[in-house]
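Notes follow once the structure below has been shown.
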Number of protein chains: 2
Amino acid sequence: MREGPDIARIASLVGDPARANMLSALMGGTALTASELALEAGVSLPTASSHLSKLMEGGLLTLASQGRHRYYGLAGPQVAGMIEAITGVAASVGPQRVRPGPRDAAMRVARVCYDHLAGEQAVAMLDRLVDKQLLLREDKEIRLAPAAASHFAAIGIDVQAKPRRPVCRACLDWSVRRSHLAGTLGAAILDKILAEKWARREKDSRAVVFSPVGRQAFEKVFLA
Amino acid sequence: MREGPDIARIASLVGDPARANMLSALMGGTALTASELALEAGVSLPTASSHLSKLMEGGLLTLASQGRHRYYGLAGPQVAGMIEAITGVAASVGPQRVRPGPRDAAMRVARVCYDHLAGEQAVAMLDRLVDKQLLLREDKEIRLAPAAASHFAAIGIDVQAKPRRPVCRACLDWSVRRSHLAGTLGAAILDKILAEKWARREKDSRAVVFSPVGRQAFEKVFLA
DNA sequence: ATAATGCTTCGATGAGGAATGAACTATGCG
DNA sequence: CGCATAGTTCATTCCTCATCGAAGCATTAT
């Protein structure tokens, strides 16, 4: 019989699909609320709450209470490194997708990620917004630059309001393996894309398909 | 809902105490039979066999059949790195062991990590190699400096050959919480240490114990 | 051959834990 | 104060999966 650090205890915490999804969501580096994490994991709020207390007890998470909001975040870089290591193994032994079909191709270009845009388009957009100094990338976090308010106001997006959810969030794109923009700003931009009918959602899929005209408009506004 | 690599599947494989013990035992680097692993894990042979087939199916182990013996080993350095990362988290959040026994002290100084050296000695060695500008630390990666080839050749280690595995890799040390050297170079150095009989492996443990003479030789070559 | 060893498969049992709705607590707003 | 939102706790149901004994294969020894 072996002794030493209880690795089974830690691994089994990550070994539940709901908890694994929560931890993956937190790999963005931003703390999230219990409801957001419940959504990410696809479970009810009580279930999420139960998982979160287990993760807390296991020392994998930190908790910051602000008013009636409770923000959960990864306990530290060491935990993040562990998740990364597990993800690496899972990706390398995982079922290499047999062949990306046409739907998958569309998914890689643009798709919905919960409430914001993901895929190549989304990654390019975030890069461009940072280039134009409208957003500031700080380590794994993203902040609004001073110039952002007026710029986004001009295209009908208000970034001044203080909602319960962070305005900007980095979300790791699983197809491109780089970050795209989440948070309320990311959500507002997706709303605009759909409201302006620049693109439509594929039926029963997360894919987002731009029309030729819509793509031009999108590029003019966000990739110029 | 998240997508991507199935990290829960991998983590849950490690999340069972019996399987975790088996994997820990295999971190010693030597392949073991099912009976030996059953003993390590403290379960019956049928139970162990069942666990082993799950680990195989998950791609975490390799199997080498020799006659009526079947030797199980870790599937590769990536898997070993993952176990090490989980061990690190478990050690830091876990109930700080009441009192580190003598074996633990030896483990902290020097131990085998799959196929290379870990512990205080290993961390000090990497620091020194970087100081001497034989290795270049870049972010989380490690590269060979131009001067490396001739230096290592002089002590009988060839870093020119292009293997499929990286020559240098950083591996986070769970006891010191800093990186040590993995990769083919790390493995070659451990080989040399054991071949020169500077140190011997503790029986039934991952600890590596240097002899007084061996330590001097090691320090002269790698810590000078 | 027959026996012995090493290991896997099968079948039955049992315990842990993941899930949810409903009830409860806490904070914020008008 | 009363209402709404955010979150936790509770009790219950359900199901997966770890476990072991017994039996079945496969390889080596005699």
Side-chain angles (χ1 to χ4, degrees), chain A residues 1-2 6-26 30-58 60-73 115 161-166 184, chain B residues 1-2 6-26 30-58 60-73:
Chain A
M1 281 278 261
R2 291 253 141 194
D6 192 352
I7 109 174
R9 181 175 130 78
I10 300 300
S12 69
L13 282 174
V14 188
D16 176 84
R19 288 194 292 262
N21 281 329
M22 292 176 172
L23 291 168
S24 292
L26 291 172
T30 318
L32 299 173
T33 65
S35 341
E36 289 170 327
L37 288 167
L39 256 173
E40 289 280 359
V43 294
S44 72
L45 226 164
T47 303
S49 183
S50 152
H51 285 307
L52 288 169
S53 31
K54 281 169 192 167
L55 288 170
M56 282 295 295
E57 201 181 354
L60 265 49
L61 298 185
T62 53
L63 175 56
S65 288
Q66 279 174 28
R68 63 177 160 181
H69 295 271
R70 294 160 73 83
Y71 289 98
Y72 290 92
D115 65 354
K162 270 289 174 191
R164 58 202 182 291
R165 202 148 70 90
T184 59
Chain B
M1 281 275 262
R2 292 252 141 194
D6 193 351
I7 110 175
R9 180 175 130 80
I10 300 301
S12 68
L13 281 175
V14 188
D16 176 85
R19 287 193 292 261
N21 280 331
M22 292 176 173
L23 291 168
S24 291
L26 291 172
T30 36
L32 300 173
T33 66
S35 344
E36 289 169 325
L37 288 166
L39 206 67
E40 288 282 355
V43 294
S44 72
L45 229 165
T47 304
S49 183
S50 152
H51 285 306
L52 288 169
S53 29
K54 281 169 191 166
L55 289 170
M56 282 296 293
E57 199 181 355
L60 265 48
L61 297 185
T62 53
L63 174 57
S65 287
Q66 279 175 27
R68 62 178 160 183
H69 295 271
R70 295 161 71 84
Y71 290 97
Y72 290 92

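In what follows, chains are A, B, ... by sequence order, proteins preceding strands, each numbered from 1.
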Please state how far atom CE in M56(B) lies from atom P in dT9(C), giving the value in whole angstrom units. 11 Å

What's the shortest heavy-atom distance between A25(A) and L37(A), and which atoms? CB-CD2, 4.3 Å

Please tell me which of the listed nucleotides, dT8(D), dG7(D), dT8(C), lies nearest to the side chain of L45(B)? dT8(C)

Contact summary for A41(B) and A18(B), nearest pair of heavy atoms: CB-O, 3.6 Å

Do L23(A) and L61(A) pass the side-chain contact (heavy atoms from CB on, under 4.5 Å) test, and can you show the C-alpha distance, the side-chain angles, and the key distance before you say yes or no? CA-CA 9 Å; L23(A) 291 168; L61(A) 298 185; 4.0 Å; yes

Does Y71(B) have a side-chain nitrogen or oxygen under 4.0 Å from the phosphate oxygens OP1 or OP2 of dG6(C)? no

Ignoring backbone atoms, test whether S49(A) places a side-chain nitrogen or oxygen under 4.0 Å from the OP1 or OP2 oxygen of dT8(D). yes

What's the verdict on side-chain contact (heavy atoms from CB on, under 4.5 Å) for T33(B) and Y71(B), showing C-alpha distance, side-chain angles and the deciding distance? CA-CA 5 Å; T33(B) 66; Y71(B) 290 97; 3.6 Å; yes

For residues 42-58 of chain B, dump all side-chain donor-acceptor pairs below 3.5 Å to protein atoms at least two apart in sequence or in another chain.
{"residue": "S44(B)", "atom": "OG", "partner": "T47(B)", "partner atom": "N", "Å": "3.4"}
{"residue": "S44(B)", "atom": "OG", "partner": "T47(B)", "partner atom": "OG1", "Å": "3.0"}
{"residue": "H51(B)", "atom": "ND1", "partner": "R19(B)", "partner atom": "NH1", "Å": "3.1"}
{"residue": "S53(B)", "atom": "OG", "partner": "S49(B)", "partner atom": "O", "Å": "3.0"}
{"residue": "S53(B)", "atom": "OG", "partner": "S50(B)", "partner atom": "O", "Å": "3.0"}

Sugar-phosphate atoms are those with a prime plus P, OP1 and OP2; base atoms are the rest. Using that split, label each nucleotide of nucleotides 12-17 of chain D B, S or - for protein heavy atoms under 4.0 Å, 5' to 3'. ------

Does OP1 or OP2 of dC20(D) have a side-chain N or O of T47(B) closer than 4.0 Å? yes

From the set dT20(C), dG7(D), dT8(C), return the single nucleotide nearest to any side-chain atom of A34(A). dG7(D)

Spatial distance of atom CG (N21(A)) from atom CG (D16(A)) [nearest 0.5 Å]: 9.0 Å

Compare side-chain N and O positions of Y72(A) against OP1 and OP2 of dT8(D) and report whether any pair is under 4.0 Å apart. yes

Send over the distance from L63(B) CG to dA26(D) C1', rounded to a whole Å. 14 Å

Calculate the interatomic distance between L52(B) atom CG and dG6(C) atom C1'; express it in whole Å. 13 Å

To the nearest angstrom, how far is R9(A) atom CZ from dG17(C) atom C1'? 15 Å

Would you classify T33(B) as touching base, sugar-phosphate or nothing, given that sugar-phosphate means primed atoms plus P, OP1 and OP2, and contacts are heavy atoms under 4.0 Å? sugar-phosphate

When you measure from the side chain of V43(B), which nucleotide among dA6(D), dT8(C), dT19(D) comes out closest? dT19(D)

Between dA19(C), dT8(D), dT19(D), which nucleotide has the shortest distance from any of its atoms to the side chain of A18(B)? dT19(D)

Rounded to the Å, how far apart are L61(B) CG and dT8(C) C1'? 16 Å

Determine: side-chain N/O of S44(A) to OP1/OP2 of dA19(C), distance under 4.0 Å, yes or no. no

L26(B) versus Y72(B), closest heavy-atom pair with distance: CD2-O, 3.3 Å

Which nucleotide sits closest to the side chain of R70(B): dA22(C), dT8(C), dT19(D)? dT8(C)

